[in-house]
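What follows is a set of notes on a single structure, which appears directly below.
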Amino acid sequence: MKKLIANLSTREKRYACLENGRISKLEVVPPNHASSVGNIYLGKVTKVLPGMEAAFVDYGEKKSGFLYRDELPSYQKAKRAGARKSSVNQYIREGEKLLVQVTRDETGTKGAKLTGLIELSSNHVVYIHGIDYIGVSKKFKSHQSQNQWRNIAHTHKKEDEGLIIRTAMEEKSEAIFLKQLHAQRGKFAQLLKMATSLKAPSLLWQRDSFLESILTEMSEFPGGELHVDDFTYFQELKKWQEDHESDWAIFYEARPVNIFSHLGIESDAEQALKKIVWLKNGSYLIFEETEAFTVVDVNTGKFTGKSQKEQTLFETNMQAAKEIAHQLRLRNIGGIILIDFINMELEQHRRLILDLMKTETKQDEMRVQVVGFTELGILQLTRKRTAASLSEKLTTACPMCQGTGKVESAETVAFRLERELMEHRKLEEEAVLIEADEAVAAILFGENKSYKPVLEEMLRKEILVTILKGNDHRYEIKRFGTKNELMKVRENLLT
């Protein structure tokens with residue numbers, strides 16, 4: 001049975017996917033990694049560029065977004081009416097207000113890419129306003145089913161609407177389709193109503209990509225268990241469960257200890273950042289992520305075996321192959337991957353390792369291509385990269401070793417401290433004294449300490465802090481007590 005554990009009660013959002021009692025996937029999204037893709041804004045055209053058939057739109061960020069002519073509903077309507085392609089200034093003017101959606105985040109000196117064709121999606125249906133289009137997933141089991149759903153979509157589609165029927169819709173009823181379609185139409189109508197009362201630029205709707213990723217996980221399996229520690233998310237997920245007639249069991253966990261700790265997976269989650277992974281037989285793997293590729297080294301370690309040397313090495317490599325496939329998915333490692341198995345003399349053993357890697361990686365939702373062994377005995381494979389790896393998200397280059405090693409980022413340590421403090425929120429003491437380095441304390445309390453009163457209110461305690469010297473990100477919760485008592489303790493620490 002598949003089980004999802006969602007830790008959503010603090011600013012850093014996490015969820016773990018457990019299969020057969022073991023973490024197979026871990027998603028972590030610090031607030032500074034949040035994407036704007038999918039967000040919908042009321043924007044204002046700042047400049048029209050006929051030479052590029054595009055326009056710049058101020059949507060509220062530092063850099064204006066870039067909007068192509070083909071992404072305008074007015075252009076799409078004229079195109080359907082048979083109008084010849086004409087300049088962008090026929091369809092948009094400087095100072096005009098319009099709804100836009102981010103399709104690509106800004107990078108470096110480039111602003112975000114925008115569209116005026118607003119897309120609202122669920123796990124079964126994608127609704128696009130401003131374009132005439134019907135699409136059906138190519139993953140449907142039969143052409144007959146595809147044609148059936150294409151006809152259903154055509155029957156209910158209105159002018160200026162695009163509908164995409166997703167794979168999960170294939171075995172659902174037309175009533176569910178209509179329920180989701182009406183909900184998305186209602187959401188778009190609400191956005192238009194909001195736009196009439198707001199000044200541009202304004203954010204109209206913010207996509208919750210984290211919630212969407214949880215729902216995607218749930219949609220891919222007919223049933224399972226979801227444990228969540230945030231009541232607002234719990235209500236959203238229960239509504240989704242009812243709307244989609246899902247067999248998933250959803251539980252709200254209201255406990256002082258963070259949900260990962262309570263369900264016994266916190267230490268397993270932390271192991272996903274470790275460089276060394278121990279295997280059951282005493283051998284181990286070393287993961288080295290670089291910008292160009294990832295190298296995995298297999299070592300016998302404490303394992304000596306009970307028979308011949310070749311058999312010992314083969315058994316180690318077989319166990320390593322299974323664990324590597326698991327770790328690639330868990331750590332979300334993408335791109336080129338080189339695996340240095342322990343050298344095997346028999347060609348038959350190499351073929352068995354190759355076949356095992358192909359079998360194990362079939363369970364991965366990302367496309368994995370196992371290329372084969374090089375002349376030096378290195379196994380080459382690639383894994384599709386769609387996002388930063390877990391290590392890239394949660395660690396930063398260490399200034400003490402000139403980037404040759406990695407330590408947990410100040411954000412990761414600060415959010416761990418926040419979770420630990422939240423576990424003590426039911427204690428009756430008036431205050432808490434902590435020691436932390438400056439970077440950790442700054443993130444814990446937010447910009448200009450704006451989050452400090454919010455955190456103190458949630459803890460029902462005043463937070464006193466002593467700044468630790470040094471570049472390493474660390475903290476220690478010294479003690480709880482009255483404010484006067486802890487202030488005296490802090491004075492002693494400073495002297």
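- Just one of Glu435, Glu491, Glu476 meets the side-chain contact (heavy atoms from CB on, under 4.5 Å) condition when paired with Thr466; it is Glu435.
- For Glu420, the CD atom counts as densely surrounded, since its 6.0 Å shell holds more than 12 non-hydrogen atoms of other residues, nucleotides or ligands.
- Glu411 pairs by the side chain to side chain contact (heavy atoms under 4.5 Å, CB included) definition with Asn32, Ser409, Phe415, Ile443, not counting sequence neighbours.
- With 3.5 Å as the limit, one finds a donor-acceptor pair spanning the side chains of Asn281 and Ser283.
- Here Glu360 pairs with Lys322, Ala325, Leu356, Gln363 under the side chain to side chain contact (heavy atoms under 4.5 Å, CB included) rule; sequence neighbours left out.
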**Message:** Run Lys47 and Glu94 through salt bridge (Lys or Arg N to Asp or Glu O under 4.0 Å) and show every step you take.
**Reply:** CA-CA 6 Å; Lys47 192 173 183 179; Glu94 191 172 318; over 6 Å; no

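- Taking the charged nitrogens against the carboxylate oxygens, Arg419 and Glu12 do have a contact shorter than 4.0 Å, which makes a salt bridge.
- A salt bridge is defined here as a Lys NZ or Arg NE, NH1 or NH2 lying under 4.0 Å from an Asp or Glu carboxylate O, and Glu245 with Lys172 fails to meet this definition.
- The distance from atom SG of Cys17 to atom CG of Leu226, rounded to the nearest 0.5 Å, is 10.5 Å.
- Remark: side-chain polar atoms of Glu71 are not paired, donor with acceptor, to backbone N or O of Tyr68 under 3.5 angstrom.
- Donor-acceptor pairing under 3.5 Å is recorded for the side chains of Tyr233 and Asp208.
- Between Glu27 and the choices Arg329, Lys393, Arg331, the salt bridge (charged side-chain N to carboxylate O under 4.0 Å, His left out) rule is met once, by Lys393.
- Using a distance-only test at 3.5 Å, with no hydrogens or angles considered, a donor-acceptor pair links the side chain of Asn39 to the main chain of Arg207.
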Taking only distance into account, with no hydrogens and no angle test, what donor-acceptor pairs under 3.5 Å do side-chain atoms of residues 197-204 form with protein atoms, sequence neighbours excluded?
| residue | atom | partner | partner atom | Å |
| --- | --- | --- | --- | --- |
| Ser197 | OG | Met194 | O | 3.1 |
| Ser202 | OG | Lys199 | O | 2.3 |

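- Using cut-offs of 30° and 60° on the angle between ring planes, the pair Tyr284 and Trp278 is tilted.
- Atom CD of Gln235 has more than 12 neighbouring heavy atoms from other residues, nucleotides or ligands inside a 6.0 Å radius.
- Within the 4.5 Å cutoff, no side-chain heavy atoms of Leu67 are placed close to those of Tyr59.
- Classified by interplanar angle (parallel below 30°, tilted 30° to 60°, perpendicular above 60°), the ring pair Tyr252/Phe231 is perpendicular.
- Contact of the Leu444 side chain with the Tyr475 side chain is not registered, since no non-hydrogen atoms from C-beta on lie closer than 4.5 Å.
- Residues Leu42 and Lys97 are in side-chain contact: their nearest non-hydrogen atoms beyond the backbone lie under 4.5 Å apart.
- A 4.5 Å side-chain heavy-atom check between Met218 and Ile250 finds at least one atom pair inside the cut-off.
- Looking at every heavy atom in both residues, Ala16 comes nearest to Leu26 through CB-CD1, 4.1 Å.
- Figure legend: Arg11 and Tyr451 shown as a cation-pi pair, the cationic atom lying under 6.0 angstrom from the six-membered ring centre and within 45 degrees of its axis.
- Here the straight-line distance linking atom CG of Asn20 with atom NZ of Lys2 works out to 12.0 Å at 0.5 Å rounding.
- Side-chain contact annotation: Thr10 with Glu418, donor-acceptor N/O pair under 3.5 Å absent.
- Ser391 is linked by a side chain to side chain contact (heavy atoms under 4.5 Å, CB included) to Glu289, Ser389, Thr395, Lys406, counting only residues two or more places apart in sequence or in another chain.
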**Request:** Could you please spell out the steps behind the side-chain contact (heavy atoms from CB on, under 4.5 Å) verdict for Lys179 and His124?
**Result:** CA-CA 11 Å; Lys179 187 175 183 179; His124 297 84; over 6 Å; no

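- Side-chain contact between Leu8 and Tyr15: absent, with no pair of heavy atoms (C-beta onward) separated by less than 4.5 Å.
- Applying the salt bridge (Lys or Arg N to Asp or Glu O under 4.0 Å) definition to pairs two or more places apart or across chains, those involving residues 460-470 are Glu462-Lys483.
- A salt bridge does not link Glu170 with Lys139: none of the charged nitrogens is closer than 4.0 Å to a carboxylate oxygen.
- Here the CG-CZ distance, from Leu114 to Phe66, works out to 10.0 Å after rounding to the nearest 0.5 Å.
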**Asked** Step by step, would you call Glu119 with Gln101 a side-chain contact (heavy atoms from CB on, under 4.5 Å)?
**Response** CA-CA 8 Å; Glu119 178 180 304; Gln101 189 170 30; 3.6 Å; yes

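- For Arg367, the CZ atom sits in a loose shell: 12 or fewer heavy atoms of surrounding residues, nucleotides or ligands are nearer than 6.0 Å.
- With contacts defined as side-chain heavy-atom distances shorter than 4.5 Å, the pair Arg416/Glu408 qualifies.
- Of the residues listed (Phe234, Phe251, Trp248), the one engaging His227 in a ring-ring contact (aromatic ring centres under 6.0 Å, His included) is Phe251, and it is the only one.
- Note that OG1 of Thr294 and CZ of Phe287 are 9.0 Å apart. Values are rounded to the nearest 0.5 Å.
- The one candidate from Lys384, Arg383, Lys25 that meets the salt bridge (charged side-chain N to carboxylate O under 4.0 Å, His left out) condition with Asp364 is Arg383.
- Heavy-atom minimum distance, Leu273 versus Leu390: CD2-O, 4.0 Å.
- With no hydrogens or angles considered, a side-chain donor-acceptor pair links Ser9 and Asp229 at under 3.5 Å.
- Summarising the geometry, atom OG1 belonging to Thr115 is positioned 11.0 Å from atom CG belonging to Leu99; distances are rounded to the nearest 0.5 Å.
- To the nearest 0.5 angstrom, Glu161 atom CD is 6.0 Å from Leu181 atom CG.
- Between the side chains of Gln319 and Glu323, no donor N or O sits under 3.5 Å from an acceptor N or O.
- With hydrogens and angles ignored, the 3.5 Å screen pairs a side-chain donor or acceptor of Thr103 with a backbone N or O of Lys113.
- Residues passing the side chain to side chain contact (heavy atoms under 4.5 Å, CB included) test with Glu96 are Val45, Ile92, Arg93, sequence neighbours excluded.
- Aromatic ring orientation, Phe188 versus Tyr127: tilted (interplanar angle from 30° to 60°).
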